[in-house]
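Naming convention: chains lettered A, B, ... in sequence-line order (proteins, then strands); numbering from 1 in each chain. Heavy atoms only: backbone and side chains are in, while hydrogens, waters and symmetry mates are out. Just so it is clear, the structure is predicted and the values come from calculations on it, not from any experiment.
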Number of protein chains: 2
Amino acid sequence: MEIPARPLTLAGEIAATLEKEIITGDLAPGQRLDEQMLGNRFNASRTPVREALRLLAASGLVTSEPRLGTLVSRPTVSEIMDLFELVGEMEAVAARLACERMTEHHRIAIADSHEACRLAAAGADVDLYIRMNDLFHAAIHAASDNRALIAQIGALNKRLMPYRHFITFRPERNQAATQEHELLAAKLLSGDAPAAARAMREHVGMLAEDALVLARSLKL
Amino acid sequence: MEIPARPLTLAGEIAATLEKEIITGDLAPGQRLDEQMLGNRFNASRTPVREALRLLAASGLVTSEPRLGTLVSRPTVSEIMDLFELVGEMEAVAARLACERMTEHHRIAIADSHEACRLAAAGADVDLYIRMNDLFHAAIHAASDNRALIAQIGALNKRLMPYRHFITFRPERNQAATQEHELLAAKLLSGDAPAAARAMREHVGMLAEDALVLARSLKL
DNA sequence: TTCAAAATTCTTGTATACATCTGGCATACG
DNA sequence: CGTATGCCAGATGTATACAAGAATTTTGAA
């Protein structure tokens, strides 16, 4: 399920490259993925290309129908909403579990990464903010102490990345997110698990809403 | 991700067969899956067999390491616990959403399937009870109205099926489950979403506990 | 000119052959 | 006798060839 950092096989390398391109939007939803063409591009035969496509299909990034070929997934708005809701619920679960289980080490990691987010949001370095935001959420995940949950959230985020990609770069959204983080961190660190879960659900819900509004306005 | 009912490709057919055998336990965890051997068995070449194995690896039923081959997944006790906890949390989410969203149609389906579970538990037909139990949970899932959530729960249950397989056949467990269903159904139908979520979490937690106790006693 | 049907072409599914790596075993050396 | 090294068998990764189905184009007639 997890694609290794340094793939030992051609198929894995191809999958990793295509995944990155889909996530960043270089490969647009609906784009057809011709096996032979990809083979030429990567100087490989169709065999490893096919395996790569199956790997991506498994994570939901591409859709493959027998005899019809595979293309970059283009979920409906309704499906995207379901995915956002699901990831929000799972993040909320992670927040609640983190609240109940976090050790001192986790507590420090959460507090520190939250502070780093604040500083990054104040500055203008968008890329830095994104990294710190990821770090904050990762700290919560780690504290939840459930590998399966963390893996699922990661997989879902990959699928949603093409749609949250452009929203993350909007500074005003980052300002709002920082305030939401503020509440979330407070509830987490004070040990109020239900409130932390609610705050997280709200936080992801806001992101989803903005992403969908923007998506509609861009007629995607 | 979803394996079609009537696969049009050899790979899909092989995957479906192997999946069933893993779920029922005919293929034990840790069992090595030799590509050529499987090819002989299904009168197919290694190519579709490899694709089938990749499909199963994606759903977590088999584990595949480059150059080392693939074998039926044998998660650690800790990993199984994480999976049970995760599915419990997701079922709880489904229960809460179902509570908030169910239409009259869903309400009837939940009440009816619950009643069917009661009757089946009173009788001795274990297979019937299992089907009715699935129906009850499916009714809740449907009411939650989130396809992505339903799909995830289904995938997780597949991965856990080898471990809950033997517990489901124990009549005393079914008696207890029926009582848990009673509480769950009451909360669902009365519209108490948080209580329904708690009841569901508790319900799955009980199952997990029993499954793990039994697994340990059987030295799996 | 337009619609329909057939043929061609292109893409995917499968089979087979070759390359490369892993693991075991035997042999030789310390 | 224990350990290390090198060879060999077997399995996986990749490439190529062939088969079958889908889409497009072309051709024919109305």
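One atom, CG of B:N43, and another, P of C:dT14, lie 14 Å apart when rounded to the nearest Å. Spacing between atom CG of A:L68 and atom P of C:dC10 amounts to 18 Å, rounded to whole angstrom units. B:E13 places its CD atom 14 Å from the C1' atom of C:dG13, with the value rounded to the nearest Å. In this structure, B:E65 atom CD and C:dG23 atom P are separated by 10 Å, rounded to whole Å. Atom CG of A:N40 is separated from atom P of C:dT11 by 11 Å (rounded to the nearest Å). Counting to the nearest Å, the C1' atom of C:dG23 and the CG atom of B:D34 are 14 Å from each other. Atom CG of A:L71 and atom P of C:dT12 are 10 Å apart (whole Å). One atom, CD of A:Q36, and another, P of C:dT9, lie 16 Å apart when rounded to the nearest Å.
Nearest to the side chain of A:R54, among C:dT12, D:dT14, C:dG13, sits C:dG13. Set against D:dT14, D:dA15, C:dT12, the side chain of A:E35 has C:dT12 as its closest nucleotide. Side-chain proximity of A:T47 to the nucleotides D:dA22, C:dG13, D:dT16 is greatest for D:dT16. For B:R50, the side-chain atoms get nearest to D:dT14 when compared with the rest of D:dT14, C:dA15, D:dA22. Closest to the side chain of A:R46, out of D:dA22, D:dA11, C:dT14, is C:dT14. Nearest to the side-chain atoms of A:S45 among the listed nucleotides C:dC21, D:dA15, C:dG13 stands D:dA15. Here the nucleotide nearest the side chain of B:R32, chosen from D:dA17, D:dA15, D:dT12, is D:dT12.
Evaluation of atom-type donor-acceptor distances gives no pair under 3.5 Å for the side chain of B:R67 against the base of C:dT22.
Relative ring orientation between A:H137 and A:H203 is described as parallel, the plane-to-plane angle staying below 30° on a 0-90° scale split at 30° and 60°.
Annotation: the span from A:L212 atom CG to A:S217 atom OG amounts to 11.0 Å, rounded to 0.5 Å. Interatomic distance, B:E85 CD to B:L156 CG, rounded to the nearest 0.5 Å: 12.0 Å.
With a 6.0 Å radius and a threshold of 12 heavy atoms from other residues, nucleotides or ligands, B:E35 has its CD atom above the threshold. Heavy-atom contacts from other residues, nucleotides or ligands closer than 6.0 Å to CZ of B:R101 number more than 12.
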